[in-house]
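All remarks here apply to the structure that follows.
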Amino acid sequence: MFDRRQLVAGLAGLPLLPAAAAAQGTWQSRLPELVFAVIPAENASGTVERYTPFTEYLTRELGTKVTLRVANDYAAVIEGQRAGNIHFAYYGPSSYVRAHTVTNGGVVPFVVEVLQDGSVGYYSVLYVRANNPATRIEDLRGKNLCLVDPNSTSGNNVPRFAMSKLGINSPDQFFSRVVYAGSHENAVTAVMQGTCDAAFNWWNSETDSNLSRMVTKGMVKADDFKMIFKSDLIAGSPVAYLTSLPEEAKAALTKAFVEAPVKAKAAFDRWSDGKNQGFRPTTHADYQSIVDLQRFVDQMRRNRS
């Protein structure tokens, strides 16, 4: 079980300058603004509503302005970090690994979400309409499939790996059409509207998933969908920063995230819909399985070209 009190105590010796200490100089004077970006799991307005309170908390806690950047797609976040325009970002595992790769290690994870039961990680699931007779992926031959984004773990990479194990090495031939919806919300909406017969998505638990969040917002009804595939556990979604940041800034960011559920409970609950325990430190080594997955997907793309 995740023990936040023990973790915070362990971080107590790390340097952290509160808002009132900005005038004392050091890294804040060199970084009067930090840009924080989030991969697009939901529409732009939903992203702003979810992460703005947390961004405001970070501004107060770090003593330097933190600006939320809403990206149009996963690649925009990755490229923003490669250009040095985004200082830290909330990723899925595959998009993080891609950012780490294209920056030659210039982006690394520093915290990962801890779920309600103390576990770390999530799943890729496949939804169809409740009245669809399909009960497994193999039943969808000739149907339309929605993926999320080429850099999505649960919405592309894990699904392609899972399908390859079923002998579906060319989804474009197995399905009538395969499209990228652009976000997890868009993929579910496409199934609801009939544009796609099935869509892959992220899922933490019966009460915490992209679908459950859409139900809470009144966008869809849970009874209209059924799940016909669930992957093995995937590494958790990390927040990653530029390695070029000052060490004091890195320490301050880590401490602020770890302490957020206590210091800014409302903002943290808005981030996770009140479904997560908090954050814990993580490193690139925790994503080796995703590095291997990325190699598989890249090789599969090369084989198709």
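Aromatic pair Phe257/Phe268: centroids not less than 6.0 angstrom apart. Two rings, from Tyr51 and Phe54, have their centers 6.0 Å or more apart. For Trp271 and Tyr57, the gap between ring centers reaches or exceeds 6.0 Å. For Trp202 and Tyr122, the ring centers are positioned 6.0 Å apart or more. Ring to ring, Tyr96 and His284 are close: their centroids are under 6.0 angstrom apart.
Side chains of Thr153 and Ser94: a donor-acceptor N/O pair is present below 3.5 angstrom, by distance only. Judged purely by distance below 3.5 Å, without hydrogens or angles, the side chains of Asp117 and Ser119 pair a donor atom with an acceptor atom. With 3.5 Å as the limit, one finds a donor-acceptor pair spanning the side chains of Tyr90 and Glu113. In summary, the side chains of Glu248 and Thr26 do not present any donor paired with an acceptor at a separation below 3.5 Å, with no hydrogens or angles considered.
A heavy-atom distance below 4.5 Å is not found between the side chains of Gln116 and Asp208.
Judged by distance alone, the side chain of Ser152 and the main-chain N or O of Val148 form no donor-acceptor pair under 3.5 Å. The closest donor-acceptor contact from the side chain of Arg280 to the backbone of Val114 lies at 3.5 Å or more, if one exists at all. Using a distance-only test at 3.5 Å, with no hydrogens or angles considered, a donor-acceptor pair links the side chain of Thr216 to the main chain of Ser212. Listed for the Thr52 side chain is no donor-acceptor partner under 3.5 Å among the backbone atoms of Glu49. Distance alone, capped at 3.5 Å, is enough to place a donor-acceptor pair between the Asn210 side chain and the His184 backbone. At least one donor-acceptor pair closer than 3.5 Å links the side chain of Thr64 to the backbone N or O of Leu31. A distance-only check finds no donor-acceptor pair linking the side chain of His87 to the backbone of Leu34 [under 3.5 Å]. Although no hydrogens or angles enter the test, the distance criterion places no donor-acceptor pair under 3.5 Å between the side chain of Asn144 and the main chain of Cys196. Between the side chain of Lys275 and the main chain of Thr207, a donor-acceptor pair closer than 3.5 Å is present.
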Run Thr135 and Asp139 through side-chain hydrogen bond (donor to acceptor under 3.5 Å, both in side chains) and show every step you take. CA-CA 7 Å; Thr135 60; Asp139 296 334; 3.1 Å; yes

Dump the intermediate steps for side-chain hydrogen bond (donor to acceptor under 3.5 Å, both in side chains) on Asp172 and Ser170, then the final yes or no. CA-CA 5 Å; Asp172 290 320; Ser170 179; 5.4 Å; no

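Screening Asn156, Asp149, Asn186 against Tyr180 for a side chain to side chain donor-acceptor pair (under 3.5 Å) leaves a single residue, Asn156.
Using bins of under 30°, 30° to 60° and over 60° for the plane-to-plane angle, the ring pair Phe88/Phe110 lands in the perpendicular bin.
By the side chain to side chain contact (heavy atoms under 4.5 Å, CB included) test, Lys226 pairs with Val128, Ile228, sequence neighbours left out.
The two residues Pro93 and Pro238 have their closest heavy-atom pair at N-CD, 4.1 Å.
Clustering of Ile, Leu, Val, Met, Phe, Trp and Tyr side chains at separations under 4.5 Å places Phe225 together with Tyr123, Val125, Tyr127, Val188, Val191, Met192, Trp203, Leu211, Met214, Val215, Met219, Val220, Met227, Leu233.
Listed by first then second residue, pairs satisfying disulfide (SG to SG under 2.5 Å) with a partner in residues 62-143 number zero, not counting sequence neighbours.
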